[in-house]
Protein chains: 2
Amino acid sequence: MVREALAALLSLEGDIDVVAQVARGDEVVAAAQTHEVEVALLDIEMPGLTGIEAAGRLRKARPGIKIVVLTTFGRPGYLRRAMESGADAFLVKDAPASQLAEAIRRVLRGERVIDPTLAAAALAEGANPLTSRERDVLAAAADGSANADIGGRLHLSEGTVRNYLSAAIQKTGARNRTEAVRIAMEKGWL
Amino acid sequence: MVREALAALLSLEGDIDVVAQVARGDEVVAAAQTHEVEVALLDIEMPGLTGIEAAGRLRKARPGIKIVVLTTFGRPGYLRRAMESGADAFLVKDAPASQLAEAIRRVLRGERVIDPTLAAAALAEGANPLTSRERDVLAAAADGSANADIGGRLHLSEGTVRNYLSAAIQKTGARNRTEAVRIAMEKGWL
DNA sequence: GACCGCCCATGACAGAAGTCACGGGCCGGG
DNA sequence: CCCGGCCCGTGACTTCTGTCATGGGCGGTC
């Protein structure tokens, strides 16, 4: 519904045509192959593939297409990963609607468009301090699984899970796993 | 942005006029007083007041206005509470856009509009089994606070917090507080 | 008045979580 | 080659969680 509404909004702009829409991240590249696309507008939260992953694949498959990433959550880590995946613009959904069409026009002129507040936050925070395994374990702990379950799922001993979680708790500055998950989520580290 | 886009979408329908928009739940009633409103379209996740709370106040202040509740999350508990607050329709955002205008027309004809799948889920699940205090404690535990912190915030002893949490864990069928929070959230019990 | 459910509390106990020290293997950089 | 970081593991220890039994007070209902 939101996608169709945004499409309607963009269609009202005289200089913008919506040539294709897909509901899933893993349908993005295929749609970009079969239509004349100048700009792709991607949401991060999508079934199939996230918008960030889709951006990376689209960049590889069709480097000429400009990419605008749109998301509900202005998490600095999202911004960082989106830009690393080749996005040309990064917008949050609570920005005014006028910025959307404007961002599309600007990326077509070769500019990069980023919310300045978010850019500052991303820079201030530095890179993701979690190692690959720490992220895995923390993500597995997010749903409330016990250490033994996580170990089983990731083929690790229970003690190792404890150690990784302890490290993640230290690095996030949290006081337990639940807080660590929340903080890592907010920063976009997961 | 989403709100403006939905407004644009609805404006394209010949028989619908968007006469007012607000960004916060606590501005809904005031806007309904100063405009000629037949139908109010409310999102649940809003700053200030939730759409459900806003629906209740609007129903009291202006009983004649039809209320359509729109939400990202199709949680049965949301549906239940929305209907109890006097909503005439309940839609999820991942429904096709055409349903939105259609729902507005139907509530104006006096009908109630509810996603049948969601209605079945709400009925199958029964009412919220958590007591008021269990909800309070569970909500306070959601961010990862320790029992002692929760007790301090809610003016309870640590042991009492433990007891309420234990009860909530039983009732949700969870195996620890984190899972209990997740389940209660999914069902819309918080 | 007896009963029930909710509220709040205490104490005891088993188990899970979190910290710390320590070890080995692997790989890349100076 | 040595060092550092990441990976994976063990063992010991403290603290926090979760469960259970048990109690009193309060408000409803039959």
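Labels below follow one simple rule: chain letters A, B, ... track the order of the sequence lines, proteins then strands, and each chain is numbered from 1. If you're wondering where the values come from, they're calculated on a predicted model, not measured in any experiment.
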Inset, instruction - Please report, rounded to the nearest Å, how far the P atom of C:dA9 is from the NE2 atom of B:His155. - result: 11 Å
Legend entry - Under 4.0 angstrom between B:Thr131 side-chain N/O and C:dC7 OP1 or OP2: yes
Legend entry - Donor-acceptor pair present, A:Asn163 side chain and D:dG9 base, under 3.5 Å: yes
Inset, instruction - Examine distances only and state if a side-chain atom of B:Glu102 and a backbone atom of B:Gln99 form a donor-acceptor pair shorter than 3.5 Å. - result: no
Inset, instruction - Report the distance from atom CD1 of A:Ile169 to atom C1' of C:dA17, rounded to the nearest whole Å. - result: 8 Å
Inset, instruction - In whole angstrom, give the distance that lies between atom CG of B:Leu165 and atom P of C:dC8. - result: 13 Å
Inset, instruction - Return yes if some donor-acceptor pair links the side-chain N/O of B:Asp43 with the main-chain N/O of B:Met46 below 3.5 Å, else return no. - result: no
Legend entry - Value in whole Å for how far the P atom of C:dT10 lies from CG of B:Leu156: 11 Å
Inset, instruction - Mark yes or no for whether B:Arg59, through its side chain, and B:Ser85, through its backbone, hold a donor-acceptor pair below 3.5 Å. - result: no
Inset, instruction - Please tell me which of A:Lys171 and A:Ser157 maps to the more 5' nucleotide of DNA chain D, matching each residue to the nucleotide holding its nearest heavy atom. - result: A:Lys171
Inset, instruction - May I ask you to evaluate whether A:Asn147 reaches the phosphate of C:dA16, defined as a side-chain N or O under 4.0 Å from OP1 or OP2? - result: no
Inset, instruction - Heavy atoms only: give me the nearest B:Val39-B:Val37 pair and the separation to one decimal. - result: O-CG1, 3.4 Å
Inset, instruction - Please figure out whether B:Glu134 or A:Thr178 has its closest DNA chain C nucleotide nearer the 5' end. - result: B:Glu134
Legend entry - Among B:Arg3, B:Glu27, B:Glu4, the one residue meeting side chain to side chain donor-acceptor pair (under 3.5 Å) with B:Gln21: B:Arg3
Legend entry - Length of the OH-P vector between B:Tyr164 and C:dC6, whole Å: 10 Å
Inset, instruction - Please check the phosphate of D:dC8 (OP1 and OP2 only) for any side-chain N or O of A:Arg133 closer than 4.0 Å. - result: yes
Legend entry - Listed nucleotide nearest any side-chain atom of A:Gln170, set C:dT19, D:dG18, C:dG18: C:dT19
Inset, instruction - For C:dT19, take OP1 and OP2 only and decide whether either is under 4.0 Å from a side-chain N or O of A:Arg162. - result: no
Inset, instruction - Please state how far atom CZ in B:Arg175 lies from atom P in C:dG15, giving the value in whole angstrom units. - result: 15 Å
